[in-house]
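Written out below as structure tokens is the structure these notes cover.
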Number of protein chains: 2
Amino acid sequence: MIGSLTLDQLRVLVAIADSGSFSAAGRQLRRVQSAISQTVQGLEETQGVVLFDRAGRIPRLTDAGRILVREARLVLEQAREFEAVAEGIASGLEPELGIALDGMCPTPPVMASLQRLRALYPTLAVSLFTEGLGAAERRLRSGDARLAITLVIGQPPSDLQALELIEVTLVPVVAASHPLAAEPAPVPRAKLREHVQLVLTDPVDPSGPSYSIVSPTVWRFVDLGRRLDFLLAGFGWCTMPGHLVAPHIASGALKPLVLDEPPPPALPVYAVFERGRPPGRAGRWLLEDLAKEFASA
Amino acid sequence: MIGSLTLDQLRVLVAIADSGSFSAAGRQLRRVQSAISQTVQGLEETQGVVLFDRAGRIPRLTDAGRILVREARLVLEQAREFEAVAEGIASGLEPELGIALDGMCPTPPVMASLQRLRALYPTLAVSLFTEGLGAAERRLRSGDARLAITLVIGQPPSDLQALELIEVTLVPVVAASHPLAAEPAPVPRAKLREHVQLVLTDPVDPSGPSYSIVSPTVWRFVDLGRRLDFLLAGFGWCTMPGHLVAPHIASGALKPLVLDEPPPPALPVYAVFERGRPPGRAGRWLLEDLAKEFASA
DNA sequence: TCGATCCATCACTCCAGACGATGGATCGTA
DNA sequence: TACGATCCATCGTCTGGAGTGATGGATCGA
């Protein structure tokens, strides 16, 4: 009764529905008609449902049969999905591709590439991790992700292979309502130090390195988006990736600060993977496509 | 290779994943361990994928195995759905319930009842037909619907069983921008006749009966919503179910017309089914619940 | 009326799959 | 270190379920 259902029974059922008769289904499935007949009887018996009306020469689906053919198609579709995933893996595709994406990276080109990845490998299971500072590299080392797309400060560690995708310029900004916004053009470093600086910090290792801290009073944030909220509310100043604040600068909500010193160097965005655990076929394809996508962006 | 997949293989696979070992899965499925072993080997062979890492004493799922267990659960869930639907039908539930809903009926109570129907009979396939004048009865007679909820003008035909749910009051209305809206309070019938009346008509039988036509110039509509658009735009006047125009009257977009004659009689909304083809268990439940719902509304 | 085609039934065959025994490997424990 | 308890793989055996092929009844079209 329960659990006695067979995929073969369902294949026979939809074959009959598609071909129009038991005999035709037999020909389609390369079985004799009596085998089809028996399978249907077995299905009807175990499920306790009459599927066909045998009054005429050709059996017609009953109402119940029509509904259950619909259900059967769903089951078979899901089964085909299973086989498709298995075939993908058998053909050398990685079973799943974990990607760690740093919040500071520009997302539109990544999304464009991922969309193409999805079209090319529809059965691939993708996990996307987008978290705060330091998380991308951690996901890589923990094995959650096979590929990371992240800002790298300084030299990438030697056990990681890094492919530069693009450079992100960092812009010091404040809210238009903040006192610094009213300061005349080249703002000296001493002026900056009078105000709170909003810095990002690694949630797991808060004592870890923090970069380009200027002000003596800092507020630390784990989440880029939350920091942006506080920035917009005028709590302090900070440096932000240009592409993230451009719309707010355009709308007048934020003001870029012109300093009396050379601007901070642009930071490279890398696609990174562990040397000992390179990505599989889909991951390698994504790497190439990301490089192309960012080059043309 | 293709199509050789078996539900039993999937059941074994998830049993191992759930119970933690081949032997435990064997106990769970009441089979000897070697049978489990063989089934797994068969699955791995036909799909060309290594599911378990046999290095240690108890096999660990590989990455591919973990993904495919996930897929297998989906297939089994769909298969259970098939069996649930079959069991519902076997226990006397109708395979599907077609409901024809007239556009003039108040929908909130119907939706409330349908929501409870869905909770009570989650596997029941429901088809909802909502169309224009005359369509509900036609769907009933064609067999598409087993149950109709519709306004009935005059006596219901004797081959249909009708259960009154509620009465709908009809209100003559015009757009506030329409000349009739400026007319002093009791509008005489003669005044009405000077303006276009927007009437509903049966799309299949346009020469069929039309009711309470007053004006010599009428515009005919098949669709209630479209007629409302033209009404709001000030193309003419018509009578509408009170519950449909109440918000527009409240907002001032429409104005009710006070006539110098008795208001048109309220029209009963019936739940209707064919005497020779009464609804099944779910349909009867819905009938009762609709009666209760409308009584309390 | 006849042939073609459809389905149900039945006897027969056959093989996939379950069983049970065996052996090697691993882990925990004494 | 040795022993018992599990775990899995492998193999020979056997059985039940599923496919085959023949037969017969029913229906449809020519």
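Computation of the quantities below employed the complete heavy-atom set of this structure, encompassing side-chain atoms and omitting hydrogens, waters and symmetry-equivalent molecules. Below, chain A is the first sequence line, B the second, and so on; all start at residue 1.
- The separation between B/Gln41 atom CD and C/dA18 atom P is 13 Å, rounded to whole Å.
- To the nearest 0.5 angstrom, A/Ser113 atom OG is 15.0 Å from A/Arg118 atom CZ.
- The pair B/Arg141-B/Glu137 meets the salt-bridge criterion, with a side-chain N (NZ, NE, NH1 or NH2) lying under 4.0 Å from an Asp/Glu carboxylate O.
- Residue A/Thr6 has no polar side-chain atom (N or O) positioned under 4.0 Å from OP1 or OP2 of D/dA18.
- Test B/Val12, B/Val14, B/Asp18 against B/Ile16 for side-chain contact (heavy atoms from CB on, under 4.5 Å) and you get one pass: B/Val12.
- The line from CG of B/Leu68 to CG of B/Leu43 is 8.0 Å long, rounded to the nearest 0.5 Å.
- The pair B/Arg31-B/Asp8 meets the salt-bridge criterion, since a charged nitrogen lies less than 4.0 angstrom from a carboxylate oxygen.
- Taking atom CG of residue B/Leu43 and atom C1' of nucleotide C/dA16, one finds them 15 Å apart after rounding to whole Å.
- Atom CZ of B/Arg60 is separated from atom P of C/dT26 by 17 Å (rounded to the nearest Å).
- Put simply, CG on B/Asp202 and CD on B/Glu131 are 10.5 Å apart, with the number rounded to the nearest 0.5 Å.
- Residue B/Ser37 has no polar side-chain atom (N or O) positioned under 4.0 Å from OP1 or OP2 of D/dC8.
- At whole-Å resolution of the value, CG in A/Leu61 and C1' in C/dC7 are 15 Å apart.
- Between the CG atom of B/Asp53 and the C1' atom of C/dT26 there is a distance of 14 Å, given to the nearest Å.
- Rounded to an integer number of Å, the gap from B/Leu7 CG to C/dG17 P is 13 Å.
- How far CZ of B/Arg80 is from CG of A/Leu5: 11.5 Å, rounded to the nearest 0.5 Å.
- Remark: B/Glu288 CD is loosely packed, at most 12 non-hydrogen atoms of other residues, nucleotides or ligands lying under 6.0 Å away.
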Distances for protein N or O near nucleotides 20-24 of chain D N or O, under 3.5 Å:
residue : atom : partner : partner atom : Å
D/dT20  : OP2  : A/Val32 : N            : 2.8
D/dT20  : O4   : A/Gln38 : NE2          : 3.3
D/dG21  : O6   : A/Ser34 : OG           : 2.8

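- Separating the CD atom in A/Gln33 from the OG atom in A/Ser21 is a distance of 9.0 Å, to the nearest 0.5 Å.
- Distance from the side chain of A/Pro59 is smallest to C/dC7 among C/dC7, D/dC8, C/dA18.
- Note: A/Arg66 CZ to B/Glu96 CD = 5.5 Å, rounded to the nearest 0.5 Å.
- Rounded to an integer number of Å, the gap from CD1 of B/Ile36 to P of D/dA9 is 11 Å.
- Backbone-only contact: B/Arg27 has heavy atoms under 4.0 Å from sugar-phosphate atoms and none from a base.
- The backbone N or O of A/Arg281 sits less than 3.5 Å from a side-chain atom of A/Glu94, completing a donor-acceptor pair.
- Atom CD of A/Glu45 and atom P of C/dA8 are 14 Å apart (whole Å).
- Near-neighbour residues of DNA chain C inside residues 12-26 of chain B, defined by a heavy atom below 4.0 Å, are absent.
- Remark on the helix from C/dT1-D/dA30 to C/dA30-D/dT1: inter-end axis angle 30°, axes from five-pair C1' superpositions, rounded to 10°.
- Under a 4.0 Å N-O distance rule, the pair B/Arg54/B/Glu44 qualifies as a salt bridge.
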